[in-house]
Each structure stands twice: as structure tokens, then as C-alpha cells.
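These values consider heavy atoms only, across backbone and side chains, with no hydrogens, waters or symmetry-generated copies.
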Amino acid sequence: MWPMLSLRSSASYVSELARLDLPLGPGSAAGIEFGSRDQYDLSLELSMPIFTGMRTKYIVRSAEEYRLQAIYRRERSRNTILLQVHRLYYGLQANLLGQEVLRASTRRLENHLNQTRNLLEHAQATAFDTLEVANRLLETETALAALRHQYRVNAGNLAHILDIPAVDSIDSLPAEDAPPGIASLEEYERAALAHRPEIAVEDHALLELDYKRKAARAAYFPQVYASARYHYARPGVNFFENEWMDYYSAAVQFQWELWNMGRRGNELKQADRARDVSRLERERVRKEILREVAAAYEDITSATDQILLQGRLVGQERERYRIVLERYREGLATSFDLRDAEESLTSAELRLAGSRVDFEIGRAALNYSAGLIGLKRQPAGEAPDLPAAAPGNRIERIDRDGGSK
């Protein structure tokens, strides 16, 4: 689209020169040679396309669309990494919650074991009862040790993704009686269609193919170029004098391809087929994204229900353990009854902790599927206040230096 300035130089040797033979008389002749066998030329040329049927402009726009696709692919990779960070982080929180539940179980079992040993000393319990509680305590300590090792492994994986030496600490998951509310499925679907980078990639891919087709169609129009050249050469335009001289030349070139055996038509057909494939791919990606949003929404809804139900179950299991513990102290319940109540309570607490972490992981997956994971998190219970963007407006989200707004 812009003029091109070129500097050229050449040096050549010519074995034969132009010769003019002059007859001097019968049987005799003389000749005059023109030019020089040693020829030198130093030129400065300025050339510019005047009219190319808009071909150059469409090629530039096609390249710009390709660049925007690369930017959105980078954004997609960034969102994927953020989702991995969320999953590892909440996995570490789940590990900490599991350790907390098992430590509480260990304290209850140690208390149970001490009471059983006291009863054994007074011949009110058997050695088998003590062995049962000791085995349960050992199982719990073994599971707790395994969680500690797994925590160090997951912390190393998180540090690797974050590219830091080590993860110093993880905030514990705050205790909540009820999970925070989320927006409606329609709001997340609307946000996904406006902000998922995968859709932006397909939008710009379709625009790229449109511009490529227009560039191919521009070949039907004539091509006009202009050029101007300044020479400093020996010999110059005067072949009779073997000396350095400067001169300039200007030219306008007109070129029109009239027939090429249907090559341009085939190129346009290929471009049309490529656009059809791109449209189908865009629709496939759109449906896949909506499916991901619906699945993530169902997962987080299920996790919400599990938190509420498991919370009620934990409350009931705690009350059951309290009653059995009192009955055991009064001699109205066996050691097996108390161990069973404690095991049920620990299992319920572990499932509740897992449901809370599943909710956080599900919320991260929902934000990822809706294209919100890289944006500021929405307040609990509020719909994502994100305007829907048409494909043609996506360029406004891109800075000229390649960053996304």
C-alpha cells in the first residue's frame, strides 16, 4: 500500500558492441562501434501501486484478522491455565479440609481409646474393644499421613504452573452455612457467547476468509503501477560517449489478466468452500460452548444441593455421636456403637468438605465456560453484567499493541 524505494547497482562486461559499417569504396569498408564493453549503473527507484482492484487492502485486512486470531488463542491458553490454577488451589484446600476432619476424628478416637482402656482396667470392657478402637485410630492416622504427602505433591504442581519456587501457604476455605448464589443459566450463556475467545477465533477466521476471497476476486480487475527511477551510469543514454552521466525515467505499467484457464474461478470456489467450513466450525464451537455452560451449571447446582443436604446430615451425625457418647459413658452403648457413630460422623464431614470444594471448582469451571474466569468475579447472586458483543465489534476489545481490553 505504500511506495517502495529501492537502490540498485550493477557492473557488467559486454563482449560485442553495436557496430555501424561504412562503405568507403569498392572492396573496402570501415566500422564505428558504439558504447562501452565495461558498463556501470547506479539507480534509485521509487515504485507504487496505483490500482490493484483493492487486492492489497484485502490482503492487509486478512493478515490483521489472522493476528487477532492469535491474540484470542493466547487468551484461550491463558484462561486454560487459570482454570488449572483454580483446580489445583481448591484441591489443596480440599486436602486441608480433609486433614482438619481427620485430625478431629483422631482426637475423638484418642479420647475413645483412653476411655476404653480405663474400662478395661476395671473389667468393664474387653481387649477386643480396645483393639477395635486402636485399629480405627491407626487407619485414620494413615489416611492423614497420606493427605500430607499428597498436599506436598499438589503444592509442587501448583508452584510449577505459577513458575515460583514453592507455595508457602494456602488459605483455608471459609466455613459457610450455605453456598453463595449464582446467576441464571441464561445469563451465563449470554456471557459465554460474548466473551469466550474460541468464538472470537472463529469469528475472525471467517472474516479472514472473506477478505482472502475478495483479494482473489480483485485479480479480475486491471493492475496499474507507477515508477520513477534516477540513474547514474556509464555509459548513459548517450552511447557515443563513454562517460558518467545522470538521467531519470518515469513509467506507468498497466496489466490486465484476460484469461488463465479458469484458475481465478477455481480459487473463488475454494474460498467459498473454506467459508462454508468455517461457518460450520463456528456453529459447532458455539454449540459445544453452550453444552459446556449447561454441564458446568448443572455441576455447580448439584454441588449446592449436596452442601445443603450434607450440612444437615453432618448436624444429625454430630447429634448422634453426642448421644452415643453419653450412652457409652453410662454403659448403655457398646464400644462398637461409639466407633460406628464416630466413623459415620467423619465420613459425613469428609463428604461435606468435598462438596464445598466441588462447589468452588464448579464455580471456576462455570466462569471458564462462560468466559469470565479472566475477568473480575461477579458478586454472589448477581448476573454477570457483560454486554453482548457482535462479531464485528470484537476488534474494539484489542489494543494495538496486542493486549486485550
Side-chain angles (χ1 to χ4, degrees), residues 1 56-89 161-163 183 185-216 270-297 361-378 383-405:
M1 298 177 66
T56 305
K57 183 181 74 171
Y58 292 139
I59 291 177
V60 171
R61 290 187 176 180
S62 174
E64 176 67 13
E65 295 301 324
Y66 184 80
R67 186 184 73 89
L68 294 177
Q69 293 176 57
I71 292 176
Y72 281 109
R73 289 191 184 99
R74 182 183 64 182
E75 182 179 347
R76 178 181 60 188
S77 300
R78 173 178 174 270
N79 290 347
T80 302
I81 293 175
L82 288 176
L83 180 61
Q84 293 177 356
V85 171
H86 278 75
R87 287 174 173 171
L88 282 175
Y89 185 85
I161 292 182
L162 298 178
D163 195 18
L185 176 60
E186 291 76 14
E187 293 292 336
Y188 282 103
E189 289 178 341
R190 189 180 304 114
L193 295 178
H195 296 279
R196 277 293 291 266
E198 290 85 349
I199 294 182
V201 170
E202 297 302 327
D203 290 340
H204 289 290
L206 184 59
L207 290 175
E208 178 193 2
L209 293 174
D210 286 336
Y211 287 130
K212 283 185 175 181
R213 185 185 185 280
K214 292 179 180 179
Q270 291 177 357
D272 291 337
R273 300 299 181 270
R275 287 196 306 171
D276 293 340
V277 172
S278 180
R279 290 192 184 97
L280 292 175
E281 180 64 17
R282 181 184 183 277
E283 186 64 21
R284 186 197 67 80
V285 171
R286 179 180 177 275
K287 291 180 180 179
E288 181 66 20
I289 287 175
L290 292 179
R291 186 198 63 79
E292 290 180 6
V293 172
Y297 195 86
I361 295 178
R363 182 160 58 178
L366 181 59
N367 288 334
Y368 170 81
S369 62
L372 306 177
I373 194 168
L375 304 178
K376 183 178 180 181
R377 177 174 291 185
Q378 300 298 318
D385 187 14
L386 298 171
N393 295 333
R394 293 190 180 275
I395 298 178
E396 298 178 359
R397 297 178 57 205
I398 302 298
D399 291 334
R400 284 302 167 190
D401 59 357
S404 60
K405 291 184 180 179

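Between A192 and S369 the shortest heavy-atom distance is CB-O, 3.5 Å.
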Inset, instruction - Could you please spell out the steps behind the side-chain contact (heavy atoms from CB on, under 4.5 Å) verdict for V60 and K57? - result: CA-CA 5 Å; V60 171; K57 183 181 74 171; 5.8 Å; no
Inset, instruction - Quick one: do E75 and I71 satisfy side-chain contact (heavy atoms from CB on, under 4.5 Å)? Show the steps, please. - result: CA-CA 6 Å; E75 182 179 347; I71 292 176; 5.7 Å; no
Inset, instruction - Show your working on side-chain contact (heavy atoms from CB on, under 4.5 Å) between N367 and Y188 and close with a plain yes or no. - result: CA-CA 8 Å; N367 288 334; Y188 282 103; 4.1 Å; yes
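At least one side-chain heavy atom of E292 sits less than 4.5 Å from a side-chain heavy atom of R196. Within the 4.5 Å cutoff, no side-chain heavy atoms of E65 are placed close to those of R61. Using a 4.5 Å heavy-atom cutoff, the side chains of I81 and R78 are not in contact.
To the nearest 0.5 Å, atom CD of residue Q69 and atom CZ of residue R76 are 10.5 Å apart. Atom-to-atom distance recorded for H195:NE2 and N79:CG is 12.0 Å, nearest 0.5 angstrom. Put simply, OH on Y368 and CD on Q84 are 9.0 Å apart, with the number rounded to the nearest 0.5 Å. Atom CG of L206 is separated from atom CZ of R279 by 5.5 Å, given to the nearest 0.5 angstrom. Atom CG in L207 sits 10.0 Å away from atom OG in S62 (nearest 0.5 Å). If you take CD1 on I161 and OH on Y89, they are separated by 14.5 Å, rounding to the nearest 0.5 Å.
Screening K212, R213, Q270 for a side chain to side chain contact (heavy atoms under 4.5 Å, CB included) with R275, the sole residue that qualifies is R213.
The number of heavy-atom neighbours closer than 6.0 Å to CZ of R87, taken from other residues, nucleotides and ligands shown, is 12 or below.
Legend: residues meeting side chain to side chain donor-acceptor pair (under 3.5 Å) with E288, ordered by chain and number and at least two apart, are R291. Shown here are the side chain to side chain contact (heavy atoms under 4.5 Å, CB included) partners of L290, two or more places apart in sequence or in another chain: E189, L193, R286.
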